[in-house]
Structure formats: C-alpha cells, structure tokens
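Beneath this line is the structure, given in structure tokens, with notes to follow.
Please read these numbers as outputs of a predicted model, since none were measured by experiment.
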Amino acid sequence: MPELPEVEVTCQGLRKHLLGRTVENIWYSGLPLRTVFDIDRIRDDLEQKKLVAVSRRAKYLQLHFDHEALLVIHLGMTGNLGIFEQDTPRKKHDHLEWRFADGTLLRFNDSRRFGSITHVPAETVASLEKTLYRTTGPEPFSEIFNGAYLQRLARNRTVAVKQLIMTNQVVAGVGNIYANESLFRAGIRPARRIATISPSRWQGLATCIREVLSEAIACGGSTISDFVNASRETGYFQVNFRVYGRQGQPCTVCRTTIEKQMIGGRASYYCPVCQK
DNA sequence: CAAGTTACCTGACGGC
DNA sequence: TGCCGTCAGGTAACTT
C-alpha cells in the first residue's frame, strides 16, 4: 500500500481540492471490500453534508463532515483516491464515487479490494481509539515514539528488528518500503535480533524512521505501481530509495552490492557493509 | 503472551 | 499463445 507518506500526501490533496464542498450523492460498485459496511446508512448520514476537514491516523484517511461524523478510508495495498471532473468515465476497479455539489468527483479505485471504508457516526467518534484503532500504536511523529519506547517494547520479544518496526501496535504507518529505508539510514541490518541493539541505536532508529517518512512526504510519496495522489500527480520519493528493490545494485554509499533476504515473508534489502 | 500462518483479491512477470 | 507458480505497498483473524 500506500504507506504513511502516501496516505499523508493523499490527505493534503483531498484538503486542497474538496474542503468545504458538499456531498451530493454516493455511488458504490457493490463488490465487497476488506470490511463490511452499510452503504445505505452511509448515504443517509453523509449525503448533503459538507466536508470540513481531512486528517490521518496511521494509514487511515479520515473525512470529517459538518455534523461531526467521519468516513474512514484505508487504501489497502492497491487503493487510491482520485479527483475527477464531472462526466469522466469510470475505470475498472472503481468501487466508490462521491459526487460533490459542484460536480467534482472523488473516486476510490482498488484492484485487490484490500482497502476498507468505515462509517463513524458522530456519537461514536470519541471512542475510535478504543474501537477501530484499538490495535494501532503511536504515530511516529508523536513524542512518545523514541528510542526508550522502542527498547522497552523490544523486551520479551525475539523477532528481527524489521518485524518489530513493521508491527502496527508498535508504531503506526511503517510498511515494508519505509522499514527497509529507515534501517539502511540507521545502519542496522533488517534481520538483526532486537535483543542485541544498544540504547543509542534505538534512538537513532526512531530518528531515522521520522526522517525517512518526512522526506517521503515532502517528495509527494513514492510511486511503486499505482499510487497517485489526490490531484493525480505521482510522487517521486522512489528516486531516493537506497535499498528497496535494489538487490544486485551497488550501495549508494560504499558501492557494495545490495542484498535481498526474506524476513517474516517480506522482501528485505540491505547493504552488508553499511548495515550491521 | 509472542510469533507464525492463513485469508482476503487482482495483476504482472518469469519459466516452460 | 497460454498455463502455472510466485510475488506485490496491508491487516486481522486464526493457530501454535
């Protein structure tokens, strides 16, 4: 999926184009997404309501309406939200379409349908952290996410460091690409067992995760196969990938050949010299 | 409790 | 040309 930076960039695009507009009607393909939702209830609650804010929690996009209800969208692996002028033909795998009062269309396209839509009525918004986000850890940009926090969570666990930082309950929004890139920047091998990491290296890792995510957001995210932000521009952070997808190519720092290794079923890339 | 496995779904790609 | 296996940015419900 879109990882945290791509969701953040989408969030910014939606804000720029749709804030203050009123939803006229909602179309749905009828095909199941990852979670069940009641389209009739969503229409009853959100049609004729004004979009007043767009925010992000982990990799979830939150559309806030003027009666305090939310529509929470997860893009899964292949989902994307795009803004189109009225009468633009729908494409294969379009699943939801919001038509705003001025004719602007917002579309959710998702070939694998791993994405999800969650309607949060106004009266249940306050309990979101205990419901939808009950297993979601702190935001990487929050103060509590630091080296001491990571080290504390690493106690009593035996997994590789890459698996730890990709665990949603540990930190929100770090997926496979940015886990690989953050570990390269921190100089830590993805397969390193967490018991052997020193306090200063944990702090360095927390810092590197924040830096990599911030830079990716500033670049407009990455385009791997199908991510396009909400104003139809592709991100360009992928030109800054140091290890992801670069097995067999020289390390940008020391020219050593980048290696690939499967860890927990996920492709992991590292420089055997720069990362220990 | 942690950690490993499976499931959800389509599409791209390599080997034959 | 097509058939088959594998892999792909995610997450949660399972089992071990």
So which protein nitrogen or oxygen atoms get under 3.5 Å of nucleotides 3-8 of chain C's nitrogens or oxygens?
from, atom 1, to, atom 2, distance (Å)
C/dA8, N3, A/Arg112, NH1, 3.2

Pairs under 3.5 angstrom, nitrogen or oxygen only, protein versus nucleotides 3-6 of chain B, please.
from, atom 1, to, atom 2, distance (Å)
B/dA3, OP1, A/Thr158, N, 2.4
B/dA3, OP1, A/Thr158, OG1, 2.8
B/dA3, OP1, A/Val159, N, 3.3

Show each protein N/O and nucleotides 14-16 of chain C N/O combination with a separation under 3.5 Å, one pair to a line.
none

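Applying the side chain to side chain contact (heavy atoms under 4.5 Å, CB included) test to A/Arg134 and every residue at least two apart in sequence or in another chain returns nothing. Listed by chain and number, the residues in a side chain to side chain contact (heavy atoms under 4.5 Å, CB included) with A/Tyr28 are A/Phe37, A/Ile39, A/Arg43, A/Leu96 (sequence neighbours excluded).
With rounding to whole Å, A/Asp110 atom CG is found 11 Å from B/dG11 atom P.
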Dot-bracket for DNA chain C: what is it, with Watson-Crick or G-U pairs under 3.5 Å, [ ] where a pair crosses earlier ones, and | for a pair to another strand?
-> .|||||||.|||||||
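Taking side-chain N and O atoms only, A/Lys92 has a distance below 4.0 Å to OP1 or OP2 of B/dG11.
A/Arg134 comes within 4.0 angstrom of the backbone, heavy atoms only, and of no base. Heavy atoms of A/Ser116 sit nowhere under 4.0 angstrom from any nucleic acid atom.
Of all heavy-atom pairs between A/His95 and A/Leu31, the closest is CE1-CD1, 3.7 Å.
Comparing C/dC14 with B/dC9, their P atoms are spaced 16 Å from each other, to the whole Å. The separation of B/dC1 from C/dT11, taken at their P atoms, amounts to 22 Å, rounded to a whole angstrom.
The one candidate from A/Tyr60, A/Tyr133, A/Phe108 that meets the ring pair (Phe, Tyr, Trp, His ring centres under 6.0 Å) condition with A/His74 is A/Tyr60.
We find that the ring of A/Phe114 and the base of B/dC8 stack, their centres lying under 5.5 angstrom apart and their planes tilted less than 30°.
One finds a salt bridge joining A/Glu97 and A/Arg90 here, because a Lys/Arg side-chain nitrogen approaches an Asp/Glu carboxylate oxygen to under 4.0 Å.
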